[in-house]
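This is the structure I have questions about; it appears just below.
Residue numbers begin at 1 in each chain, while the letters A, B, ... track the order of the sequences.
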Protein chains: 2
Amino acid sequence: MARPKEFDPEHAVDAAMDVFWVGGYAATSTNDLCEGTGLARSSLYNTYKSKRDLYEQALRRYGERTRTEQAELLERHGPVREVIRDFLLRAVDAQLADPARRGCLALNAAVELGDADPAVAELTRDDFDTIVATMQALIERGQATGELGPGDARAKARLVHAALTGIHVVGRVAEDRTRLTHIVDAMVDSL
Amino acid sequence: MARPKEFDPEHAVDAAMDVFWVGGYAATSTNDLCEGTGLARSSLYNTYKSKRDLYEQALRRYGERTRTEQAELLERHGPVREVIRDFLLRAVDAQLADPARRGCLALNAAVELGDADPAVAELTRDDFDTIVATMQALIERGQATGELGPGDARAKARLVHAALTGIHVVGRVAEDRTRLTHIVDAMVDSL
DNA sequence: CGGGTTCTGGACAGGTCAGTTCAGAACCGG
DNA sequence: CCGGTTCTGAACTGACCTGTCCAGAACCCG
């Protein structure tokens, strides 16, 4: 029918995701996106409506990806406390292993654009709610077996999520591991 | 000696702080700052070196201000659990009362610029450390009286700080109170 | 009131921004 | 190999960006 694209649009979203992830939304220029994706300006605007649109797609893809990863980690078998500890420690290690300390793209988006962009707010809110729901199910499992004490499982799940945000935020400016592992230790101890 | 400034440079920093607080660093233009402070371009650049310099001063002032406020709240007498609950609830109420959901300026700065700006990273890290130290002292007081159980007080303090970051981050996109009070409830229960 | 200093408004400069346009290249089916 | 469609590179647009500059106004002190 016609000349095919010389690139994979989905792969380009992945590349754009990385670019936004490092620099945030406002500080990332369309030129940065061209370089990061390898696309020419016209190809980029021919495929995506705007910088804003591409950002939303990247955010959506990030949500799908992390949803899967987190579900895998949280639906493991074994002692609930250990599952949660491993889950949080993985965030710690990821943060410290990343030279750019990018943290969580959804969190970064919520903080940078939360109040100014309803679509972004909704997307990140959904991301947050999903992990809270998964965490709640895990905690309820621990309560059913008697491993964990009683109490509002949803509230506890939200506290664990807050601990995760703490890791991502503090990890953005902290270079030592203790500032982050303390959060994990205190969180797991208090379940 | 000469003509005096028609404005108070300190008050202007306060005004600039509010402007940055709403829009973040990158998305705030020098024009926005002129409008927000009421200064003309030349006065602004005559008084502060650059947009970046003004941002740093605003951030520093924010740190001083919140340090004082937080110390007042956390050094109150009474049951430690109640002091911490009131402290966290105040953050919840402030967040929900603010139509722009600005959250915490230091946190926003850490997330937006953390990895790209060493000076900002250091400033926010200091802010975080200060509140953690104050919180640790409070928790140790509770442990001394037997009100709180044993355990690493600094680690617990860091978890409380993580809970606070959770309130600020989630509060930026959540409109209902429960998402935030759950964090407070679970946090205070688990001390 | 006058000399010296500082402040202020507005115009200006050069660069970068997001997004558009278009001519020509690349591809496909027939 | 050709007609029709789509993609791509590069130039372009107009707006906005940060920061500078300067002429004149405002002020203080003697």
Could you give all pairs that pass the salt bridge (Lys or Arg N to Asp or Glu O under 4.0 Å) test and reach residues 106-123 of chain B, with sequence neighbours left out?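 As it turns out, the salt bridge (Lys or Arg N to Asp or Glu O under 4.0 Å) pairs with a partner in residues 106-123 of chain B, which skip direct neighbours, are Arg172(A)-Asp115(B), Arg52(B)-Asp117(B).
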Applying side chain to side chain donor-acceptor pair (under 3.5 Å), name anything that partners Arg90(B), two or more places apart in sequence or on another chain.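 Side chain to side chain donor-acceptor pair (under 3.5 Å) check on Arg90(B) returns nothing, list empty.
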Inspect the contact between Glu82(B) and Arg76(B) and indicate whether a charged nitrogen and a carboxylate oxygen are less than 4.0 angstrom apart.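 So Arg76(B) does not pair with Glu82(B) through a salt bridge.
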Please collect all ring pair (Phe, Tyr, Trp, His ring centres under 6.0 Å) contacts where either partner lies in residues 166-185 of chain A, sequence neighbours excluded, each pair once.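 Non-adjacent pairs meeting ring pair (Phe, Tyr, Trp, His ring centres under 6.0 Å): zero.
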Between Leu39(B) and Ser29(A), just flag the one whose closest nucleotide in DNA chain C comes earlier from the 5' side.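 Checking each residue's closest nucleotide, the 5'-ward one belongs to Leu39(B).
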Quick one: list whatever passes salt bridge (Lys or Arg N to Asp or Glu O under 4.0 Å) with Arg67(B), sequence neighbours left out.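 Checked Arg67(B) against salt bridge (Lys or Arg N to Asp or Glu O under 4.0 Å); matches are Asp127(B).
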Expressed in angstrom and rounded to an integer, what is the separation of Asn46(B) atom CG from dT18(D) atom C1'?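 Those two atoms, CG and C1', are 16 Å apart.
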Of all residues at least two apart in sequence or in a different chain, which pass the side chain to side chain donor-acceptor pair (under 3.5 Å) check with Ser29(A)?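 Partners of Ser29(A) under the side chain to side chain donor-acceptor pair (under 3.5 Å) test: Asp32(A).
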Rounded to the nearest angstrom, tell me the gap between atom OH in Tyr48(A) and atom C1' in dC7(D).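 Interatomic distance, OH of Tyr48(A) to C1' of dC7(D): 14 Å.
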Could you work out, with side chain to side chain donor-acceptor pair (under 3.5 Å) as the rule, every residue matching Gln95(A), not counting sequence neighbours?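 Gln95(A) satisfies side chain to side chain donor-acceptor pair (under 3.5 Å) with no residue once adjacent residues are dropped.
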Length of the CD-P vector between Glu35(A) and dG9(D), whole Å: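 Nearest whole value for this atom pair: 14 Å.
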Considering only nitrogen or oxygen atoms on both sides, find all protein atoms under 3.5 Å from nucleotides 19-23 of chain C and state each distance.
unit_1  : atom_1 : unit_2   : atom_2 : d
dG19(C) : OP2    : Tyr45(A) : OH     : 2.9
dG19(C) : OP2    : Lys51(A) : N      : 3.0
dG19(C) : N7     : Arg41(A) : NE     : 3.3
dG19(C) : N7     : Arg41(A) : NH2    : 2.7
dG19(C) : O6     : Arg41(A) : NE     : 2.8

Let me know the distance between CG of Asn31(A) and P of dG9(D), rounded to the nearest Å.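 Those two atoms, CG and P, are 14 Å apart.
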Does anything in residues 176-191 of chain A form a salt bridge (Lys or Arg N to Asp or Glu O under 4.0 Å)? List the pairs, not counting sequence neighbours.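 Those involving residues 176-191 of chain A are Arg85(A)-Asp185(A), Asp93(A)-Arg177(A), Glu175(A)-Arg179(A), Asp176(A)-Arg179(A), Arg179(A)-Asp129(B).
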Return the angle between end axes of the helix from dC1(C)-dG30(D) to dG30(C)-dC1(D), with five pairs used per end and rounding to 10°.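 Computed from the C1' atoms at both ends, the axes differ by 20°.
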Nearest of dC17(D), dG9(C), dT8(D) to any side-chain atom of Ala40(B)?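 Closest nucleotide to the Ala40(B) side chain: dG9(C).
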